[in-house]
Amino acid sequence: MNLDELLKEYSELELQLADPAVHADQSKARTLGRRYSQLTPIVTTYRELDSTRDDLTAAKELAGEDEGFAAEAAELEERIPQLEERLRHLLIPRDPNDDKDIIMEIKAGEGGEESALFAGDLLRMYLRYAERLGWKTEVIDSQPSDLGGYKDVTVGIKAKGDEGVWSRLKYEGGVHRVQRVPVTESQGRIHTSAAGVLVYPEAEDVDVQIDPNDLRIDVYRSSGPGGQSVNTTDSAVRITHLPTGVVVSCQNEKSQLQNKESALRILRARLLVIAQEQAEAAAQAERKSQVRTVDRSERVRTYNFPENRISDHRVGFKAYNLDQVLDGELNAVTQALIDAELAEKLAQHS
């Protein structure tokens, strides 16, 4: 979509949002408002650039009569390239999911109990990062391990402001490797283990329509660490989406209905990703780094405890503040990935 089309769309959105009838449908109003917010920086920058060019023309015409206008013209000439560059950045096609909330799954992998403990460390890191940004978090489902870690845990993260969670945490998908002395190691030797992270944009009802006839729903008794029963009723729910074969299980809630709702929420997010990957080759390329096997060799990031070092292998990021990162100070890491993606897109559209 070119600039003229975006300006036209922005004007149409202004008219629609000014219509009280539109706000009777909250879902529609929210969708229109989100798109309006996306386009506002583009339109504001374009208008500022257009106005600055007009001012420059006028200042040049008056510069012959008043030296003050010559100085103003020089300032405006410096300003125009800055605005042009900002507009070029804003016009780069954005990820359509950037404004969405996310569902994140963290899975223990190689390394046994140590991997499960590391999965717990990653969960706390993301929860603290979310807390720093004022985001809302909710553990949707979990399978704790015997020593206090997690074999598998699913968390929902929602933003309160305009910036979506996906825009900052979509890069977290992949294998995260840890190097440290495990609590189970008596000889003090450093071990390497891994945990896998999967990130899905959370789907709204309008994004994914699920036919109830496409679902097989099984119920069973929940179990805790070690397999002991933690429920005396069949409250755990397993949903199989027959057309795709996607299976989701939830057992955290005491109510079968609550577990069903949680499972459907995760299922919608997974189906949204599948639909987008089928529809767009670009979406598939975006997610190819999110490996679905927790193999130490296919790592995106390494957490080295003896050196207090964190390394992101995709962009060459390295810092020696691992303790702070695990306490939720993830901004420098995520910004490095955001900047790398922007540079790549700029190169493609130059």
Side-chain angles (χ1 to χ4, degrees), residues 1-20 22-23 29-100 129 132-135 159-171 282 286 315-317 319 329-350:
M1 188 177 287
N2 62 35
L3 182 57
D4 289 338
E5 291 172 332
L6 292 174
L7 294 171
K8 181 181 177 183
E9 182 187 356
Y10 187 78
S11 297
E12 291 171 351
L13 286 168
E14 279 187 316
L15 291 173
Q16 287 178 285
L17 289 169
D19 182 357
V22 168
H23 295 273
R30 189 164 56 248
T31 301
L32 294 176
R34 188 180 295 151
R35 180 60 176 162
Y36 183 79
S37 295
Q38 291 171 3
L39 294 180
T40 295
I42 297 173
V43 174
T44 301
T45 302
Y46 167 75
R47 288 174 177 170
E48 186 179 351
L49 176 59
D50 197 41
S51 172
T52 304
R53 284 170 174 163
D54 288 343
D55 290 345
L56 176 60
T57 300
K60 283 182 174 179
E61 289 176 356
L62 296 168
E65 303 172 13
D66 187 333
E67 288 185 3
F69 285 107
E72 182 180 342
E75 290 178 9
L76 292 168
E77 282 186 326
E78 287 184 11
R79 179 75 177 139
I80 286 173
Q82 298 170 5
L83 291 169
E84 288 174 337
E85 183 66 11
R86 185 199 301 173
L87 185 60
R88 190 164 78 93
H89 280 219
L90 290 169
L91 286 172
I92 293 172
R94 66 196 303 276
D95 186 331
N97 293 321
D98 272 353
D99 292 323
K100 290 187 180 294
Y129 179 60
R132 287 171 184 268
L133 294 179
W135 293 344
K160 291 183 179 178
D162 292 333
E163 184 183 39
V165 180
W166 175 264
S167 66
R168 297 204 69 86
L169 290 184
K170 60 184 172 182
Y171 312 99
E286 284 265 285
V315 294
F317 176 89
E329 292 189 17
L330 261 177
N331 269 335
V333 188
T334 57
Q335 193 59 51
L337 292 155
I338 291 169
D339 292 344
E341 183 183 42
L342 177 60
E344 185 179 337
K345 287 183 175 179
L346 281 170
Q348 290 172 355
H349 292 86
S350 59

message: If the condition is side-chain hydrogen bond (donor to acceptor under 3.5 Å, both in side chains), which residues does K60 pass it with, not counting sequence neighbours?
response: E77
task: Kindly write out the residues that satisfy salt bridge (charged side-chain N to carboxylate O under 4.0 Å, His left out) with R132, not counting sequence neighbours, or none if the list is empty.
output: D327, E329
- line: Heavy atoms of S167 and G164 approach each other most closely as OG-O, 2.7 Å
- line: Between the CG atom in L346 and the CD atom in E341, the distance rounded to the nearest 0.5 Å is 10.5 Å
- prompt: Among all residues two or more places apart in sequence or in another chain, which pass the side-chain contact (heavy atoms from CB on, under 4.5 Å) test with E72?
  reply: F69, L76
field: Contacts of type side-chain contact (heavy atoms from CB on, under 4.5 Å), residue I80, not counting sequence neighbours
entry: L49, T52, R53, L56, E84
Nearest-0.5 Å distance, CG of residue L342 to CD1 of residue I92: 5.0 Å
- prompt: Looking at residues at least two apart in the chain, or sitting in another chain, which of them share a side-chain hydrogen bond (donor to acceptor under 3.5 Å, both in side chains) with H89?
  reply: E85
- prompt: Between the side chain of Q335 and the main-chain N/O of A332, is any donor-acceptor distance below 3.5 Å?
  reply: no
query: Looking only at heavy atoms, what is the nearest atom pair of H23 and A29, with distance?
result: ND1-CB, 3.9 Å
message: Within this structure, what is the CG-CD distance for the pair L83 and E48, rounded to the nearest 0.5 Å?
response: 4.5 Å
message: Checking the side chain of T45 only, and the main-chain atoms of I42 only, is there a donor and an acceptor separated by less than 3.5 Å?
response: no
- request: Find the distance between CG (L91) and CG (L87) and round it off to the nearest 0.5 Å.
  value: 4.5 Å
- prompt: With side chains defined as the heavy atoms from C-beta onward, is the minimum distance between V333 and Y129 less than 4.5 Å?
  reply: no
message: Listing request: all ring pair (Phe, Tyr, Trp, His ring centres under 6.0 Å) pairs with a residue in residues 30-52, at least two apart in sequence or in separate chains.
response: Y10-Y36
statement: Correct closest heavy-atom pair for A340 and V315 would be CB-CG1, 3.4 Å
- request: Step by step, work out the side-chain contact (heavy atoms from CB on, under 4.5 Å) result for N97 and K170.
  value: CA-CA 9 Å; N97 293 321; K170 60 184 172 182; over 6 Å; no
message: Show the nearest heavy-atom pair for residues K345 and D95, with the distance to one decimal.
response: NZ-N, 4.1 Å
- prompt: Are side-chain heavy atoms of Q16 and R35 found at a separation under 4.5 Å?
  reply: no
